[in-house]
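To start, the structure itself, in structure tokens.
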Number of protein chains: 2
Amino acid sequence: MGSFVFHPLPQPGKVIMLSEEETHHLSVQRILQGTSVLVSDGKGRLYRGTFLEKQRSRAFVLVEEEIRCESPGFSLSIWQGFLKSPSRMDWLVEKLAEIGVTEIGFFPAERSVKEEVSQERVKRWEKVVLSACKQSGRIWFPLLRVFTSWKEFLSVLPGRRVFLADPLEKQRLSRALKEGGMLNSVGLVVGPEGDFTEKERRELLELGVQPVSLHQKVLRSETAALLGAFLLVTFLEDHHAGEH
Amino acid sequence: MGSFVFHPLPQPGKVIMLSEEETHHLSVQRILQGTSVLVSDGKGRLYRGTFLEKQRSRAFVLVEEEIRCESPGFSLSIWQGFLKSPSRMDWLVEKLAEIGVTEIGFFPAERSVKEEVSQERVKRWEKVVLSACKQSGRIWFPLLRVFTSWKEFLSVLPGRRVFLADPLEKQRLSRALKEGGMLNSVGLVVGPEGDFTEKERRELLELGVQPVSLHQKVLRSETAALLGAFLLVTFLEDHHAGEH
């Protein structure tokens, strides 16, 4: 697939105005006025349109027709405890979006050094997601969620098959997956630096979360999140491949 | 395993002088003069010693006895074409060291924007490797190699089982591994941004390198390197687990 620009609500027959960033993207791609352009809503729909004109660093595009619609094929959520280093969270967002996770969540844990994530950070992550999805040609973007409390985070776990990245556990994630079980909505929980407290771990287990090992050695928190995500994506893609 | 300090040549019965960085590490860990300290040579040996004294920001340690010796159990080389962004190479080094790759190599490819890697960068990577190995409690460090030419790089490939991260290929790496074949010395080659030229690709295939797919979508170069490395480490650990 070629490169696309993002707009939240493209509708065939309508003229849309692109953001400054997306207008800049057209210039970088050397797309000329009067020529064709691809537009996606980030929810799986791709449209063909015509780049009409540019006014005050905003491009206007006539949306012509929907040319593709795709869905992830599976639901995979990765939830990471707030990390001390914002740049490590930035790269985690980038990599998770790139490999095709459907939800990226961050939550405060007892041992999280940071207690909250700023609105500017979330805005930045939205740009990181957009860029990663363009890079990998993905027209549905992962949901970004920042939970404000541990309780709020716990409330989303029931009804899914959730794994816990647990350095104390012996059973490998790959083995746990081979044992079967629900695979339509899968999640992975990863603690902050210093991991979960015993109380938090117990609360997770009480909700049916399954502890698994990701590696023989102790990994950095965000490495565990990415590698676990990659194992899950690979497994889910293979598993659902027959259905598409 | 507890935290350790690095010294290139610890010998039982001898007094060694630590570098400034490693001396600083002792302070951060609040290890007091007269108490025990672990020392590793980064080649798989761990020693117990006594922190004798500090003079001009250098610590002196009496090495007492070797308490452990371990080897990687497999040989896994990841070779990445020079990337445009030094920080993306930095993080690749960190993550590859963390998950337990035994050789990390960078080489110039035709489409590499950068043509060389500075000595300062390599020094920086040595620190990144040390920190990642301490983090994951690994007492053998990966070999860092920077090739100065494509020819020099090609010369190390024969005699190993080498895979090529290839977006054009359909067969998955996981499937290729299940087909069996030599697993005592494995490598993965990943192109720079913009990937290999047709000529380079042909030269790799002529050397018996096996193209494999890592993911359904196109990944950033360093993401492909890390995820391929992780699949290989997981497979090799499982495969060699019975032998130890």
Side-chain angles (χ1 to χ4, degrees), chain A residues 1-3 70 72-74 85 87-88 90-92 94-101 128 131-140 167 170 172-175 177-178 193 213-238 240-241 244, chain B residues 1-3 70 72-74 85 87-88 90-92 94-101 128 131-140 167 170 172-175 177-178 193 213-238 240-241 244:
Chain A
M1 148 163 31
S3 183
E70 68 179 42
F74 53 78
S85 153
S87 71
R88 288 184 186 267
D90 292 351
W91 95 236
L92 184 58
E94 175 184 297
K95 297 303 169 208
L96 292 178
E98 216 179 310
I99 66 173
V101 159
V128 167
S131 159
C133 289
K134 282 182 175 176
Q135 158 73 27
S136 52
R138 194 182 306 288
I139 56 176
W140 49 263
K170 286 263 179 291
R172 292 258 195 160
L173 173 56
S174 49
R175 191 161 294 272
L177 285 168
K178 280 182 197 139
E193 299 99 342
S213 157
L214 291 171
H215 195 262
Q216 289 180 346
K217 303 273 180 181
V218 177
L219 297 170
R220 280 194 171 90
S221 193
E222 77 281 8
T223 315
L226 175 63
L227 298 185
F230 183 59
L231 281 185
L232 288 166
V233 164
T234 304
F235 187 87
L236 292 171
E237 279 181 358
D238 287 348
H240 291 280
H244 292 276
Chain B
M1 150 163 26
S3 185
E70 70 178 41
F74 54 80
S85 153
S87 72
R88 289 184 185 265
D90 293 352
W91 94 237
L92 183 59
E94 174 183 298
K95 296 303 168 209
L96 292 178
E98 218 180 291
I99 65 173
V101 159
V128 166
S131 158
C133 288
K134 282 182 175 175
Q135 158 74 27
S136 52
R138 193 183 306 286
I139 55 177
W140 50 263
K170 287 264 179 291
R172 291 260 194 160
L173 172 58
S174 49
R175 189 159 295 271
L177 285 168
K178 279 184 198 137
E193 299 99 343
S213 156
L214 291 171
H215 195 261
Q216 289 179 346
K217 303 273 181 183
V218 178
L219 298 170
R220 279 193 173 91
S221 193
E222 76 281 7
T223 315
L226 175 64
L227 299 185
F230 182 60
L231 281 186
L232 287 167
V233 165
T234 305
F235 187 87
L236 292 170
E237 279 180 359
D238 287 349
H240 292 280
H244 294 274

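All chains are named by letter (A, B, ...) in the order of the sequence lines, taking the proteins before the strands, and each is independently numbered beginning at 1.
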Self-check item: Donor-acceptor contact present, side-chain B:Glu98 to main-chain A:Thr223, <3.5 Å
Solution: no
Practice problem: Among B:Ile99, B:Val233, B:Val218, single out the residue with the greatest number of heavy-atom pairs under 4.5 Å to chain A. | Solution: B:Ile99
Practice problem: Could you please spell out the steps behind the side chain to side chain contact (heavy atoms under 4.5 Å, CB included) verdict for B:Gln216 and A:Arg138? | Solution: CA-CA 11 Å; B:Gln216 289 179 346; A:Arg138 194 182 306 288; over 6 Å; no
Quiz prompt | B:Leu214 versus chain A, the contacting section by heavy-atom distance below 4.5 Å | solution = backbone
Quiz prompt | Rounded distance (nearest 0.5 Å) linking atom CZ of B:Phe230 with atom CZ of A:Phe230 | solution = 9.0 Å
Practice problem: Report yes if the side chains of A:Lys95 and B:Arg220 come closer than 4.5 Å at any heavy-atom pair, otherwise no. | Solution: yes
Quiz item: Shortest non-hydrogen contact from A:Arg172 to B:Thr234?
Solution: NH1-CG2, 3.5 Å
Exercise. Counting only heavy atoms closer than 4.5 Å, note whether A:Arg88 contacts chain B via side chain, backbone, both or neither.
Key: side chain
